[in-house]
Amino acid sequence: MTLICILSLMLFTLNIIYPFLAVNSPVAADVMVVEGWIPDYAIKDAIALFQRGSYNYLITTGLPVSKGYYLAEYKNFAELTAATFITLGFNPEQLVAVPAPNVIKHRTQASAIALREWLSTSELEVKSINLYSLGPHARRSWIIFKAVLEPKIRVGVIAAEPQEYDPQQWWQSSEGVRTLIGEAIAYLYALFVDWHT
């Protein structure tokens, strides 16, 4: 009986952990915020979502690139991703890159703070945003952006689906296992940090 309970709990966890971490909870917003480190295929999906929604602006965030900095035309992921959007046909008049400073830890918080500071000096009157992240990273990013931006700015979240593994059977690939275990641990860590600044 104990073995059956353990197996049932494991099966339940395998099936529930991905949708829990890869949360989708968008709000009515006229701004989409895209985390700049996401892969190119997710950028293409973000364009489609932007066009289907009622967004007026898209903002990219991100830290300095960690590889090829001295050779790269774009020195941070916010500007690199914004340039990718433009290359894919996105209207540059609806696009803003908001880079964050280089930090050793709490990178997502640094991006959220940079966004908050930029919004506080911009002419945009933003009441709510939808944060676009990748798969199981979405819940952790959502927690942090909400802590930094709310209650002044309401934050929703949209999780892009990863292509590196099957989200419905993530445990069948090493990439899926590494990602989900890492994100689950990082989520638990995020619960115990005070992200308000």
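On a predicted model such as this, the values are computed, not experimentally measured, just so you know. Below, all heavy atoms of this structure are taken into account, side chains as well, without hydrogens, waters or symmetry copies.
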**Student:** Measure the spacing between CZ of R116 and CD1 of I113 and express it to the nearest 0.5 Å.
**Tutor:** 5.5 Å
**Student:** Tell me the closest heavy-atom pair linking V34 and A46, and the distance in Å.
**Tutor:** CG2-CB, 4.3 Å
**Student:** Counting distance only, does the side-chain N/O of Q94 pair as donor-acceptor with the main-chain N or O of N56 below 3.5 Å?
**Tutor:** yes
**Student:** Group every Ile, Leu, Val, Met, Phe, Trp and Tyr by side-chain heavy-atom contacts under 4.5 Å, then state whether I59 and I86 land in the same group.
**Tutor:** no
**Student:** How about I17 and W170: do any of their side-chain heavy atoms sit closer than 4.5 Å?
**Tutor:** yes
**Student:** Over all heavy atoms of both residues, which pair between L63 and P101 is shortest? Give the atoms and the distance, please.
**Tutor:** CG-O, 3.7 Å
**Student:** Linking I/L/V/M/F/W/Y whenever any side-chain heavy atoms sit under 4.5 Å apart, do I158 and I153 land together?
**Tutor:** no
**Student:** Side-chain contact, heavy-atom cut-off 4.5 Å: L115 with V33?
**Tutor:** yes
**Student:** Looking only at heavy atoms, what is the nearest atom pair of A159 and A138, with distance?
**Tutor:** CB-CB, 3.7 Å
**Student:** What pair of heavy atoms forms the shortest contact from T60 to A82, and how long is it?
**Tutor:** OG1-CB, 3.7 Å
**Student:** Quick check: is W195 connected to I104 through a chain of hydrophobic side chains (ILVMFWY, heavy atoms under 4.5 Å apart)?
**Tutor:** no
**Student:** CG of L119 to NZ of K152: how many Å apart, nearest 0.5 Å?
**Tutor:** 8.5 Å
**Student:** Check whether V155 and W118 end up in the same hydrophobic cluster, where Ile, Leu, Val, Met, Phe, Trp and Tyr are linked by side-chain heavy atoms less than 4.5 Å apart.
**Tutor:** yes
**Student:** Show, in sequence, the C-alpha distance, side-chain angles and deciding distance for N24 and V157, and conclude whether the side-chain contact (heavy atoms from CB on, under 4.5 Å) test is met.
**Tutor:** CA-CA 6 Å; N24 280 288; V157 66; 6.0 Å; no
**Student:** Just by distance, no angles: are the side chains of T61 and E35 close enough, under 3.5 Å, to form a donor-acceptor pair?
**Tutor:** no
**Student:** Check whether more than 12 heavy atoms from other residues, nucleotides or ligands sit under 6.0 Å from atom CD of Q172, and answer yes or no.
**Tutor:** yes
**Student:** Is there a chain of hydrophobic side chains (I, L, V, M, F, W, Y, each step under 4.5 Å between heavy atoms) that links L80 to W37?
**Tutor:** no
**Student:** Ignoring hydrogens, what is the shortest heavy-atom contact between P136 and Y165? Give both atom names and the distance.
**Tutor:** CD-OH, 3.4 Å
**Student:** Measuring only between side-chain heavy atoms, which start at C-beta, is E161 closer than 4.5 Å to P167?
**Tutor:** yes
**Student:** Are the side chain of S128 and the backbone of R154 linked by a donor-acceptor contact shorter than 3.5 Å?
**Tutor:** no
**Student:** Once rounded to the nearest 0.5 Å, what's the spacing between atom CG of D166 and atom CD of E175?
**Tutor:** 13.0 Å
**Student:** Assess whether side-chain contact (heavy atoms from CB on, under 4.5 Å) is satisfied between Y74 and V65, documenting all intermediate values.
**Tutor:** CA-CA 8 Å; Y74 303 101; V65 295; over 6 Å; no
**Student:** Could you go step by step and tell me if Y132 and F50 meet the side-chain contact (heavy atoms from CB on, under 4.5 Å) rule?
**Tutor:** CA-CA 10 Å; Y132 185 79; F50 184 93; over 6 Å; no
**Student:** Could you measure the distance from the OG atom of S25 to the CG atom of N130? Nearest 0.5 Å is fine.
**Tutor:** 8.5 Å
**Student:** Nearest 0.5 Å, what's the CD-CD1 distance between E150 and I129?
**Tutor:** 9.0 Å
**Student:** Is it the case that the side chain of D30 and the backbone of Y55 share a donor-acceptor pair, with hydrogens and angles ignored and the cut-off at 3.5 Å?
**Tutor:** no
**Student:** Can you tell me how far apart OG (S133) and CZ (R139) are? Round to the nearest 0.5 Å.
**Tutor:** 12.0 Å
**Student:** Using every non-hydrogen atom in the two residues, find where W142 and L131 come nearest and quote the distance to one decimal.
**Tutor:** N-CD2, 4.0 Å
**Student:** Go through the side-chain N and O atoms of Y41 and E164 and say whether any donor and acceptor fall under 3.5 Å apart.
**Tutor:** yes
**Student:** Going by side-chain contact (heavy atoms from CB on, under 4.5 Å), F90 matches just one of T84, L58, I43. Which one?
**Tutor:** L58
**Student:** Got a donor-acceptor contact below 3.5 angstrom from the E183 side chain to the L21 backbone?
**Tutor:** no
**Student:** Determine whether more than 12 heavy atoms belonging to other residues, nucleotides or ligands lie under 6.0 Å from atom CZ of F85.
**Tutor:** yes
**Student:** Is there a side-chain contact between I143 and Y187 in this structure, where contact means two heavy atoms from C-beta onward sitting under 4.5 Å apart?
**Tutor:** yes
**Student:** Under a 3.5 Å distance rule, please check whether T179 uses its side chain to pair with a backbone N or O of G176 as donor and acceptor.
**Tutor:** no
**Student:** Quick check: do L49 and M32 have side-chain heavy atoms less than 4.5 Å from each other?
**Tutor:** yes
**Student:** Passes side-chain contact (heavy atoms from CB on, under 4.5 Å), Y57 versus V126? Steps please.
**Tutor:** CA-CA 10 Å; Y57 292 95; V126 178; over 6 Å; no
**Student:** Contact between L88 and K44 at the side-chain level, heavy atoms closer than 4.5 Å - yes or no?
**Tutor:** yes
